[in-house]
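Naming: A, B, ... by sequence-line order, numbering from 1 per chain.
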Amino acid sequence: METQVSNGPTSNSGLPNGPPLSANGAADDSKTNLIVNYLPQNMTQEEFKSLFGSIGEIESCKLVRDKITGQSLGYGFVNYVDPNDADKAINTLNGLKLQMKTIKVSYARPSSASIRDANLYVSGLPKSMSQKEMEQLFSQYGRIITSRILVDQVTGVSRGVGFIRFDKRIEAEEAIKGLNGQKPLGASEPITVKFANNPSQKTGQALLSHLYQTTARRYTGPLHHQTQRFRLDNLLNMAYGVKRFSPITIDSMTSLAGVNLTGASSGGWCIFVYNLSPEADESVLWQLFGPFGAVTNVKVIRDFATNKCKGFGFVTMTNYEEAAMAIASLNGYRLGDRILQVSFKTSKQHKA
DNA sequence: TGGGATT
């Protein structure tokens, strides 16, 4: 997504021209220190250093990692010895495409506690709201460093989700107080405003959570009956319930993986789980579905006001066969005093 | 009986 190199009213540094910024007597690295955003998840410290070291001598550099999981947070800092090299790095490496990412290279703002955790996640935005309009809404609370609205990769339509990074954390806090749960002028639904997760943090957490559940289960005993083995044709009928695709033959089963791109929208098979209790949380979904295979995401849908589960949730599984087995096994499964209904998620508009 | 979306 090339748009990420050119969003926001100012550069990510807040220092568009890299002006002098001494003041406190400490080493002034405002002309040499760069922040690099949108690095590929799998890039190592060594690769990072190698890439930026090709420009000139580096005083120091750091790929920022999650303290607990150790995984890259997708950004880092490079401090050059020579300000000219920093300038050159911006000119030559900003916008560079690495794998699926377009990296952003800009001057780093001076390190300070007050600018940390100033990044907000906004959802429920009207699809018609532009980035500029979103900024106008938030700018009353402080100086915006960057902003973005996520769009559907295919249609380009807003997903109603955005990010706002303020200069100061207190500004972000005030924006949450002032805007969370509020309806923008003319909007029909309130927006949600909260502190954003770190980039790419979610997948790591999902992995960890799954790992935790998988490990913990060994010591707490099985949570459900053994998975039953179904004949393949029987399984497919049960998994799909009412047929919504052209009939699937057993012969075509092996080729389903190649068809995933259409059947499973971007990154897995989405499963609808109905009749969860109001107390249900994400962990119960991990526990139920984890044993069947790779689960990448679980979501319990909660009421905005009460924070209680609205009775359903969603699970995303990577592999079709594992998803189908989970559905065949868990549909009709009794959880407490409730009988679960589990099926592949279908699009409502396509309902007969 | 059908949401939210984490750059």
Nucleotide B:dA5, atom P - distance to CG of A:Asn297 in whole Å: 10 Å
Check for me: is A:Phe312 stacked on B:dG2 by the 5.5 Å centroid and 30° plane-angle rule? no
With ILVMFWY side chains joined below 4.5 Å, transitively, what does A:Ile339's cluster contain besides itself? none
Inter- and intrachain pairs under ring pair (Phe, Tyr, Trp, His ring centres under 6.0 Å), touching residues 138-173 of chain A, at least two apart: A:Tyr121-A:Phe163
Straight-line distance of A:Asp85 CG to A:Asn79 CG, nearest 0.5 Å: 11.5 Å
Nucleotide B:dT1, atom C1' - distance to CZ of A:Arg338 in whole Å: 13 Å
Looking at A:Tyr75, does any N or O in its side chain come under 4.0 Å of the phosphate oxygens OP1/OP2 on B:dT7? no
Figure out the CD1/C1' separation between A:Ile301 and B:dG3, and round it to whole Å. 4 Å
Taking the six-membered ring for Trp, is the centroid-to-centroid distance between A:Phe344 and A:Phe272 below 6.0 Å? no
Strictly below 4.0 Å: does A:Arg159 bring a side-chain N or O up to OP1 or OP2 of B:dT6? yes
Rounding to an integer number of Å, can you tell me how far A:Tyr121 OH sits from B:dT7 P? 10 Å
What's A:Phe163 touching, base or sugar-phosphate or nothing? Going by heavy atoms closer than 4.0 Å. base
Atom-to-atom span, NZ of A:Lys345 to P of B:dG3 - whole angstrom: 8 Å
Once you round it to whole Å, what is the distance between P of B:dT6 and CZ of A:Arg165? 17 Å
Can you measure from CG (A:Leu51) to CD (A:Glu46) and round to the nearest 0.5 angstrom? 13.0 Å
Give a yes/no on whether any side-chain N or O of A:Ser123 is located under 4.0 angstrom from OP1 or OP2 of B:dG4. no
Would you call the rings of A:Trp269 and A:Tyr320 parallel, tilted or perpendicular, where under 30° means parallel and over 60° means perpendicular? perpendicular
I need the CD1-C1' distance between A:Ile271 and B:dG4, as an integer number of Å. 17 Å
Where the side chain of A:Arg148 is concerned, which of B:dG3, B:dA5, B:dT7 is the nearest nucleotide? B:dT7
Does this structure show an ion pair linking A:Asp167 with A:Arg109, if we count only N-O contacts that are shorter than 4.0 Å? yes
Using a heavy-atom distance cut-off of less than 4.0 Å, which residues of residues 272-281 of chain A contact DNA chain B? A:Phe272, A:Tyr274
Taken to the nearest whole Å, NZ/A:Lys127 to P/B:dG4 is 10 Å
